[in-house]
Amino acid sequence: MLQIYNTLSRQKEYFRPIHEGHVGMYVCGPTVYGDAHLGHARPAITFDLLYRYLMHLGYKVRYVRNITDVGHLEHDADEGEDKIAKKARLEQLEPMEVVQYYTNRYHHDMESLNVLPPSIEPHASGHIIEQIAFVKRILENGYAYISNGSVYMDVEKYAKDYHYGKLSGRNLDEIVTDTRELDGQQEKRHSYDFALWKKAAPEHIMHWPSPWSEGFPGWHMECSTMGTKYLGEEFDIHGGGMDLMFPHHEAEIAQSCAALGHDSVRYWMHNNMITIAGKKMGKSYHNFITLEQFFKGEHELLSKPFSPMTIRFFILMAHYRSTVDFSSEALEAAEKGFARLQDAYARLMKSQPSATTTADVAGLNQRCIDAMDDDLNSPIVLQHLFDSAKQINSIADGKATINATDLEELKATWHTFAIEILGLRLEDDAAGSGTDTTPYKGAIDMLLNMRLEAKRNKDWATSDKIRNELTALGFTIKDTKDGFEWSL
Ligand code: ZN
């Protein structure tokens, strides 16, 4: 039976959904003002693993992952310029153009990583009315106050009736000393109060009418509102990166309790963070590597391009609650490991049954289930698949045998765990060297189209030069009736 680690109780708990057979799951999605990087890949893959496993267990899952397109300010939740508005101003675009552009690119990256799309992907800007209604409930219950057109959570009042800090394990005194003094704090009664609604400054381009001012919702408000709108006032799972635990998720709990009188979420789950060569990711470290840069190998910290499946495999090699440190060397090792898995899968698909089984193949399915049931232990599942790969290689090398029934079961187990649950695309280039040519495809196609053009113009020197140089780089070029084919 599935056990997951609940951040709220700080222990593993047996997963029991509120409604039998159904699971409601909410995960904080991206703020769409820039390209997705590794910090986006990890929660996406972690909760994709959970989503896939819950469906494998037979649950009907409603998975909501939001798009933050308003109210996420630069410095903290309440201060600075809106991240999207700033990008729009710098690039002279309509804010929704920025939102659409980066949302499309995010979707493309997620598809490359084989992350399944959520059931609902609500935008914060599309739920302003619902957010205003949520703020009204908090005001009516006496846990918020209006100040100069903005509405703030009255944290002190809230903390008298509820436990503020229960998720992140902080108490109010610690939060006071943690909260930086910033401009605009004079509107708040206490530095730890956070905005539910912000009055827009005259230069602010994204704003809506409300009973309090022309303004916009505080960043935390969208998740409380959209989570309960689509999953109900109480739902099963809320996930996100550990960096969101405070203040974002702590604020969400406070908002829900203040509006509804009870917490909305049964199981809080958080994936751990990613470091790059031992350092936190951040613009000041010059180590903000976007996923596209990984796929194309275009960053000074990367030795070469890494395929989306290498990135996915690398993330799954660590348990989601452990930290992961990215380096080119570690990725190169992961690439080799993934190629071993692909080769084994290709050999398994080509294996022929014998009359008897001498290979040690029994019990793989149950071992993989046990590992997944133990708080989604993907590294252990991979370990079992590597052990199984050794047996597959023995069978393929004629050192062991497998009968027809066992062979079918082994194929099914690999398909279920490697492809469906871990979401690894093993079939791609499965028999090949494991080298992913996707990053070069556009460039090679362009060169070969230039060669076709040269041939049409009877410019044989250019045509030969392109072919010879690509061949020298290890590409195989074949002229066909309709043009060309190539491989590496
Ligand atoms: Zn959120």
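The analysis underlying the following values was restricted to heavy atoms, covering all of them including side chains, and did not include hydrogens, waters or symmetry mates. Indexing begins at 1, ligand by ligand and atom by atom, following the structure's order.
- With respect to Arg170 and Glu250, no salt bridge is recorded, no charged nitrogen being found less than 4.0 Å from a carboxylate O.
- Remark: Lys296 fails to qualify as a cation-pi partner of Phe294 under the 6.0 Å distance and 45° angle criteria applied to the six-membered ring.
- Judged by the 6.0 Å and 45° rule, Arg65 forms no cation-pi pair with Phe47.
- Legend: protein N/O/S atoms lying under 2.8 Å from the Zn ion (ligand 1), waters omitted, number 3.
- More than 12 heavy atoms of other residues, nucleotides or ligands shown are found within 6.0 angstrom of CZ on Arg266.
- Enclosure of atom NZ in Lys60 is not indicated, since only 12 or fewer non-hydrogen atoms of other residues, nucleotides or ligands lie within 6.0 angstrom.
- When only modelled atom types and interatomic distance are considered, His270 and Thr7 share a side-chain donor-acceptor pair under 3.5 Å.
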